[in-house]
Amino acid sequence: MSKTAGITAAAIALTVSGLGAERASAGDITIELQGLRNESGRVYLALFSPDKGVPFPEEEGMILGGWRLASTKTLAVTYHGLPDGEYAVTAFHDENGNGELDVNVLGIPTEGYGFSNDAAGFMGPPKFDQAAVTVGKNAGSTTLTMRY
């Protein structure tokens, strides 16, 4: 990840917490991340809002991002205090700790990745609308299953 990821990692520490027995309130989105194949490395989660000038999931459209230690147990992450609207989440499992989603010569990921709503694209990432979760009067929640 670039400098932006490092800068937003500090912001994420203030706005993201693991979900325990607490219940998310309006303005929150909870992501249940599952399906990591091992506990090697860490997982990068990124939150996006729709931006008409930036295709999803380009890094320039990211509003928050940060790292979590990999765990074969389900990870639950809540982003708090979001304005009403639609958001999408991406994640990748950085198994080797190099800070990047590794791909093969054809550009196909060799490490795990996923999108909110378990959205899947065809020959590339899904569209924002497929991965979008609404945050408003009620808190939003989504499942993100890693694909390898």
Side-chain angles (χ1 to χ4, degrees), residues 1-20 24 28-136 139-148:
M1 291 265 108
S2 71
K3 246 193 288 188
T4 305
I7 294 169
T8 57
I12 202 168
L14 298 173
T15 58
V16 175
S17 69
L19 181 67
D28 297 350
I29 183 173
T30 299
I31 300 95
E32 184 177 299
L33 188 140
Q34 53 195 9
L36 291 172
R37 69 175 164 197
N38 59 52
E39 294 183 357
S40 297
R42 54 197 180 153
V43 177
Y44 190 81
L45 291 125
L47 181 72
F48 295 82
S49 64
D51 184 338
K52 293 177 178 30
V54 180
F56 175 74
E58 292 293 323
E59 187 174 5
E60 294 81 17
M62 181 177 69
I63 58 173
L64 286 173
W67 295 98
R68 298 289 296 245
L69 292 176
S71 172
T72 54
K73 298 176 182 162
T74 299
L75 294 175
V77 176
T78 300
Y79 292 91
H80 296 285
L82 299 171
D84 291 355
E86 290 194 320
Y87 298 89
V89 178
T90 64
F92 77 90
H93 184 189
D94 182 23
E95 292 178 273
N96 62 7
N98 69 353
E100 298 179 8
L101 174 63
D102 296 333
V103 297
N104 65 19
V105 295
L106 300 175
I108 299 169
T110 58
E111 294 180 302
Y113 65 94
F115 300 91
S116 46
N117 295 335
D118 282 338
F122 178 72
M123 303 292 284
K127 302 289 185 212
F128 181 87
D129 293 345
Q130 294 173 286
V133 178
T134 301
V135 172
S141 65
T142 186
T143 300
L144 190 157
T145 304
M146 301 301 286
R147 293 181 179 93
Y148 291 88

- Return the minimal non-hydrogen interatomic distance between Phe115 and Ala131, and the atom names on each side. CB-CB, 4.4 Å
- Message: Just verifying a value: how many Å separate Lys73 NZ and Glu39 CD, rounded to the nearest 0.5 Å?
- Response: 7.5 Å
- For Gly136 and Asp84, the nearest pair of non-hydrogen atoms, with its separation, is CA-OD1, 3.3 Å
- Query: Angle class for the Phe92/Tyr44 ring planes (parallel below 30°, perpendicular above 60°, tilted otherwise)?
  - Reply: tilted
- Among Leu101, Asn96, Asn104, Val103, find the one that has a side chain to side chain contact (heavy atoms under 4.5 Å, CB included) with Thr110. Asn104
- Say you draw a straight line from CG of Leu47 to OG1 of Thr90; how long is it, rounded to the nearest 0.5 Å? 9.0 Å
- Taken to the nearest 0.5 Å, the spacing of His93 NE2 from Asp102 CG works out to 11.5 Å
- Who are the salt bridge (charged side-chain N to carboxylate O under 4.0 Å, His left out) partners of Glu95, not counting sequence neighbours? Arg37
- Message: Looking at every non-hydrogen atom in both residues, tell me the closest pair between Pro126 and Phe56 and how far apart they are.
- Response: O-CD2, 3.4 Å
- Message: Against Asn117, only a single residue in Val133, Leu144, Val89 fulfils side chain to side chain contact (heavy atoms under 4.5 Å, CB included); can you say which?
- Response: Val133
- Message: My understanding is that only one of Thr78, Thr142, Thr143 makes a side-chain hydrogen bond (donor to acceptor under 3.5 Å, both in side chains) with Thr30; could you say which?
- Response: Thr78
- Taking all non-hydrogen atoms of both residues into account, name the closest pair between Val77 and Arg68 and its distance. CG2-NH1, 3.3 Å
- Note on the structure: Value for CD1 (Ile29) from OH (Tyr87), rounded to nearest 0.5 Å, stands at 8.5 Å
- Query: Taking side chain as C-beta onward, heavy atoms only, is Val135 less than 4.5 Å from Tyr79?
  - Reply: no
- Minimum heavy-atom distance between Val43 and Ala91, given as atom pair plus value: CG1-CB, 4.2 Å
- Task: Any chance you could measure Lys127, atom NZ, to Phe122, atom CZ, to the nearest 0.5 Å?
- Result: 12.0 Å
- Task: Kindly give the heavy-atom pair with the smallest separation between Tyr148 and Gly35, and that separation in Å.
- Result: CE1-O, 3.4 Å
- Query: How many angstroms lie between CD in Gln34 and CG in Leu75, if you round to the nearest 0.5 Å?
  - Reply: 10.0 Å
- Message: Can you list everything that forms a ring pair (Phe, Tyr, Trp, His ring centres under 6.0 Å) with Tyr113? Sequence neighbours excluded, please.
- Response: none
- Message: Tell me whether Asp94 contacts the main-chain N or O of Gly99 through its side chain, where contact means a donor paired with an acceptor under 3.5 Å.
- Response: yes
